[in-house]
Amino acid sequence: MKVRGGTRPDPYRCVRSEDRMVVTFTENVKEITNEIPDAISEEDAELGKEYEYDRYQVTVPYRENLESDVAANLPKWIALAKQQEYDEKAAEVRAKRNALLAETDNEFCLDRILPENISTTAFTNKLKELAQSETAKYRQALRDIPEQEGFPYKVKWPTKPQ
């Protein structure tokens with residue numbers, strides 16, 4: 001996740017909370033250059049600096065020497081934190097997608113949309129009509145969301161038909 005702050009972050013930070021350890025990682029730290037008037041001091045200019053960076057967090061059970069393990073294996077730990085963030089975000093997007101699919105389920109329940117004693121031809125025609133409907137296209141677009149480029153961080157949600 002992109003973050004901005006007024007202090008240059010450390011590559012990682014460990015905070016113990018009872019039997020858990022929250023490890024926060026930063027990558028791609030960039031100093032944001034702001035217009036600074038010539039009349040201010042270097043100290044004030046330092047206070048006016050901003051940094052933009054990627055931040056990832058992972059929570060793990062606490063154990064002795066955990067912080068030294070993080071320091072010794074930083075790339076592995078960053079990869080773990082990134083994967084955890086990705087998995088959580090993907091689960092959120094899928095949950096929303098599933099709720100939107102559920103909203104249109106009743107339009108595809110055959111026992112609700114087909115009369116009793118329907119002929120085979122009428123049944124086939126109704127199925128074709130359903131398969132080609134705007135709602136069917138909407139539902140397919142929802143199912144295709146995990147295939148979008150940028151998933152799960154950048155999702156283009158389809159518009160529900162009227």
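As a basis for the values below, the full set of heavy atoms in this structure was taken, side chains included, without hydrogen atoms, waters or symmetry mates. Here the structure is a predicted model, which is why all the values come from computation and not from measurement.
Of all non-hydrogen atoms in Lys82 and Tyr153, the two that sit nearest each other are O-OH, 4.3 Å. Summarising the geometry of Leu142 relative to Arg97, their closest heavy-atom pair is O-CD, 2.9 Å, with the distance given to 0.1 Å. The nearest pair of heavy atoms linking Tyr138 to Pro158 is CE1-O, 3.7 Å.
Under the 4.5 Å side-chain heavy-atom criterion for grouping Ile, Leu, Val, Met, Phe, Trp and Tyr, Val155 is connected to Leu101 within one hydrophobic cluster. Criterion: ILVMFWY side-chain heavy atoms under 4.5 Å apart, direct or through other members. Under it, Met1 and Val29 are part of a common hydrophobic cluster.
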Side chain to side chain contact (heavy atoms under 4.5 Å, CB included) between Gln57 and Glu85: does it pass, once the steps are laid out? CA-CA 8 Å; Gln57 245 181 13; Glu85 179 186 278; over 6 Å; no
Tell me, with the steps shown, if Trp157 and Leu100 meet side chain to side chain contact (heavy atoms under 4.5 Å, CB included). CA-CA 10 Å; Trp157 293 96; Leu100 292 171; 3.8 Å; yes
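Glu88 is linked by a salt bridge (charged side-chain N to carboxylate O under 4.0 Å, His left out) to nothing, counting only residues two or more places apart in sequence or in another chain. The salt bridge (charged side-chain N to carboxylate O under 4.0 Å, His left out) check on Asp87 picks up nothing, with sequence neighbours excluded. With sequence neighbours excluded, the residues that form a salt bridge (charged side-chain N to carboxylate O under 4.0 Å, His left out) with Asp105 are Arg139. With sequence neighbours excluded, no residue forms a salt bridge (charged side-chain N to carboxylate O under 4.0 Å, His left out) with Lys30.
A salt bridge links Lys160 to Glu103: one of the charged nitrogens lies within less than 4.0 Å of a carboxylate oxygen. One finds no salt bridge joining Glu50 and Arg8 here, because no Lys/Arg side-chain nitrogen approaches an Asp/Glu carboxylate oxygen to under 4.0 Å.
In summary, the side chains of Asp144 and Gln148 do not present any donor paired with an acceptor at a separation below 3.5 Å, with no hydrogens or angles considered. Side-chain atoms of Asn73 and Asp69 include a donor-acceptor pair closer than 3.5 Å. Side-chain contact check for Tyr53 and Glu31: no donor-acceptor pair (N or O, by modelled atom type) lies under 3.5 Å.
The shortest distance between side-chain heavy atoms of Phe151 and Ile145 falls below 4.5 Å. With contacts defined as side-chain heavy-atom distances shorter than 4.5 Å, the pair Glu92/Pro152 does not qualify. Looking only at side-chain heavy atoms (C-beta outward), Phe123 and Lys126 stay at 4.5 Å or farther from each other.
Side-chain atoms of Thr26 come within 3.5 Å of backbone atoms of Asp10 as a donor-acceptor pair (strictly under, hydrogens ignored). Between the side chain of Ser17 and the backbone N or O of Arg20 there is no donor-acceptor pair closer than 3.5 Å.
Summarising the local packing, NZ of Lys128 is surrounded by 12 or fewer heavy atoms from other residues, nucleotides or ligands at distances under 6.0 Å.
With rounding to the nearest 0.5 angstrom, the CZ atom of Arg55 is 10.0 Å from the CZ atom of Arg13.
Hydrophobic cluster membership of Tyr56, counting Ile, Leu, Val, Met, Phe, Trp and Tyr whose side-chain heavy atoms lie under 4.5 Å apart directly or via other members: none, as it forms a cluster of its own. Apart from Trp77 itself, the hydrophobic cluster it occupies contains Tyr12, Met21, Val23, Phe25, Val58, Val60, Tyr62, Leu66, Val70, Leu74, Ile78, Leu80, where clustering links Ile, Leu, Val, Met, Phe, Trp and Tyr at side-chain heavy-atom distances under 4.5 Å.
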